[in-house]
Amino acid sequence: MSLGTAEDDSASEIHIPPDIDWHMLDKSKFFLLGAALFSGVSAVLYPAVVLKTRQQVSPTPISSLKMTLSIMRHEGVRGFYRGFGTSLMGTVPARALYMGALEVTKSGVGSATIRLGFSDTTAVAIANAAAGLSSAMAAQLVWTPIDVVSQRLMVQGCGKNLLPNVNCRYSNGIDAFRKILYSDGPRGLYRGFGISIVAHAPSNAIWWTSYSMANRFISDSIGCYMTKKDESSVLPGCGFRPISMSMLGVQGVSAAIASGISALVTMPLDTVKTRLQVLDGEENGRRKPLTIMQTVRNLVKEGGLSACYRGLGPRWASMSFSATTMVTTYEFLKRLSAKNQECSTS
């Protein structure tokens with residue numbers, strides 16, 4: 001994710017990163033390289049997602065360490081990558097929708113807010129929030145069915161002693177897709193779609209807005225101390241140009257802060273969403289999908305508000321590491337995908 005926040009004060013568009021805007025990109029290269037780069041990052045982060053998912057659907061609190069040892073003892077390393085193939089299949093279309101909606105919305109809304117007379121800081125915050133909302137909503141069209149299938153595969157093999165409410169009955173992603181479609185129809189693949197939008201859209205909006213504000217605050221606070229002399233100054237009133245490695249550090253810290261805020265605010269919604277997609281209820285001896293209210297009641301019975309925050313540690317770690325990595329990956333991706341033209345042209 002490029003969570004860049006700099007803009008040209010004399011221009012009518014917000015450029016993220018400063019020298020490469022949406023219209024300057026080779027779109028096919030941008031999407032293909034992006035899918036490859038993000039797939040590699042996803043492979044590193046996937047074990048944390050598995051831990052988070054299993055903790056969220058567990059009827060009793062289980063520490064990350066205990067869950068990790070249990071997976072290693074009974075399933076080996078393979079247990080940390082259950083459903084990864086299915087998740088990877090959704091990376092290309094989901095990332096394409098996400099990045100396309102993100103850049104188009106950010107550029108369009110940023111330009112509009114500048115023209116309406118908003119200050120630079122306000123314009124950046126509005127553009128990032130709008131981009132976070134639109135990109136999350138677009139991506140969920142693909143990610144919801146992928147989530148339903150991959151999360152059901154994640155919790156298989158865990159043993160009835162840890163997760164008694166999970167039916168472990170799928171041999172692979174295709175088998176899960178076929179059986180869910182046969183038993184529940186298309187609605188089964190989009191179980192939890194509404195709450196996914198409710199959970200992920202605000203999460204993205206909060207993340208991007210928090211990142212924008214944190215990045216600007218940290219940069220303004222220490223920018224002049226992490227720079228070197230350069231005639232082509234980019235820090236107003238400072239007379240220095242930021243050292244690239246220092247700016248990467250600022251971006252990384254800002255991404256971690258934004259991830260923490262987003263995880264804390266949206267964790268209960270994410271827990272409800274995960275349970276809706278994975279667990280089933282029972283009525284008259286027959287399996288029946290849980291409703292949102294039933295899921296909330298079950299969580300309250302199991303531990304109240306604290307039950308909604310099971311898996312917070314792995315989720316926070318995953319989001320923070322992912323965001324920090326994506327900062328550099330996304331900036332690198334946009335430079336690789338830039339057309340052969342002067343980036344300073346608008």
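Just so you know, these numbers use all the heavy atoms, side chains as well, and skip hydrogens, waters and symmetry mates. FYI, the numbering just counts along the sequence from 1.
Judged purely by distance below 3.5 Å, without hydrogens or angles, the side chains of Asp270 and Gln56 pair a donor atom with an acceptor atom. A donor-acceptor pair shorter than 3.5 Å cannot be found between the side chains of Glu302 and Thr60.
Here CG of Leu88 is found 7.5 Å from OG of Ser42. Values are rounded to the nearest 0.5 Å. From Gln277, atom CD reaches atom OG1 of Thr295 across 10.5 Å, with rounding to the nearest 0.5 Å. In this structure, the separation between OG1 on Thr86 and CD on Gln151 is 11.5 Å, given to the nearest 0.5 Å. Atom CZ of Arg315 is separated from atom OG of Ser259 by 9.5 Å, given to the nearest 0.5 angstrom. Separating the OG1 atom in Thr274 from the CE atom in Met154 is a distance of 8.5 Å, to the nearest 0.5 Å. In this structure, CD in Glu75 is found 14.0 Å from OH in Tyr81, a value given to the nearest 0.5 Å.
Looking only at side-chain heavy atoms (C-beta outward), Leu189 and Thr144 stay at 4.5 Å or farther from each other. Considering only heavy atoms from C-beta on, Leu97 stays 4.5 Å or farther from Trp143 through its side chain. Counting heavy atoms from C-beta outward, Asp147 and Lys273 have side chains that approach closer than 4.5 Å. Residues Leu51 and Ile71 meet the side-chain proximity criterion, which asks for heavy atoms closer than 4.5 Å. Here the side chains of Val148 and Phe177 are not in contact, with every heavy-atom distance at 4.5 Å or above. No side-chain heavy atom of Ile62 sits less than 4.5 Å from a side-chain heavy atom of Arg54. At a threshold of 4.5 Å between non-hydrogen side-chain atoms, the residues Met67 and Ser63 do not count as touching. In this structure, Arg152 and Ile180 have side chains that are in contact, with non-hydrogen atoms separated by less than 4.5 Å.
Here Leu69 is tied into one hydrophobic group with Leu65, each link being a pair of ILVMFWY side chains closer than 4.5 Å. Apart from Leu312 itself, the hydrophobic cluster it occupies contains Leu264, Met267, Leu305, Tyr309, Trp316, where clustering links Ile, Leu, Val, Met, Phe, Trp and Tyr at side-chain heavy-atom distances under 4.5 Å.
Remark: side-chain polar atoms of Tyr46 are paired, donor with acceptor, to backbone N or O of Phe84 under 3.5 angstrom. A donor-acceptor distance shorter than 3.5 angstrom exists from the side chain of Gln294 to the backbone of Thr291, with no hydrogens or angles considered. Looking at Ser150, its side chain does come within 3.5 Å of a backbone N or O of Ile146 through a donor-acceptor pair. Of the possible donor and acceptor atoms, none in the side chain of Ser58 sits under 3.5 Å from a partner among the backbone N and O of Pro61. A donor-acceptor contact shorter than 3.5 Å is absent between the side chain of Tyr211 and the backbone of Ala256. Checking side-chain atoms of Thr266 against main-chain N and O of Ser262 turns up a donor-acceptor pair under 3.5 Å. Of the possible donor and acceptor atoms, one in the side chain of Asn172 sits under 3.5 Å from a partner among the backbone N and O of Asp175.
Heavy-atom minimum distance, Ala176 versus Leu153: CB-CD2, 4.5 Å. Minimum heavy-atom separation, Pro314 to Ser64: CG-OG, 3.4 Å. Residues Leu181 and Pro186 come closest through the heavy atom pair CD1-N, 3.7 Å. Contact detail for Arg310 and Arg275: the closest heavy-atom pair is NH1-NH2, 3.6 Å. Closest of all the heavy-atom pairs between Arg191 and Leu279 is NH1-O, 3.1 Å. The heavy-atom pair separating Cys308 from Leu299 by the smallest distance is SG-CD1, 4.0 Å.
Applying the 6.0 Å contact sphere to CD1 of Ile174 captures no more than 12 heavy atoms from other residues, nucleotides or ligands.
The side-chain contact (heavy atoms from CB on, under 4.5 Å) check on Thr105 picks up Val109, Ala130, Ala131, Ser134, with sequence neighbours excluded.
Linking Ile, Leu, Val, Met, Phe, Trp and Tyr whenever their side-chain heavy atoms come within less than 4.5 Å puts Val77 and Val49 in one cluster.
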- request: Would you sort out whether Ile257 and Ser210 count as a side chain to side chain contact (heavy atoms under 4.5 Å, CB included), showing the intermediate values?
  value: CA-CA 8 Å; Ile257 292 173; Ser210 300; 5.9 Å; no
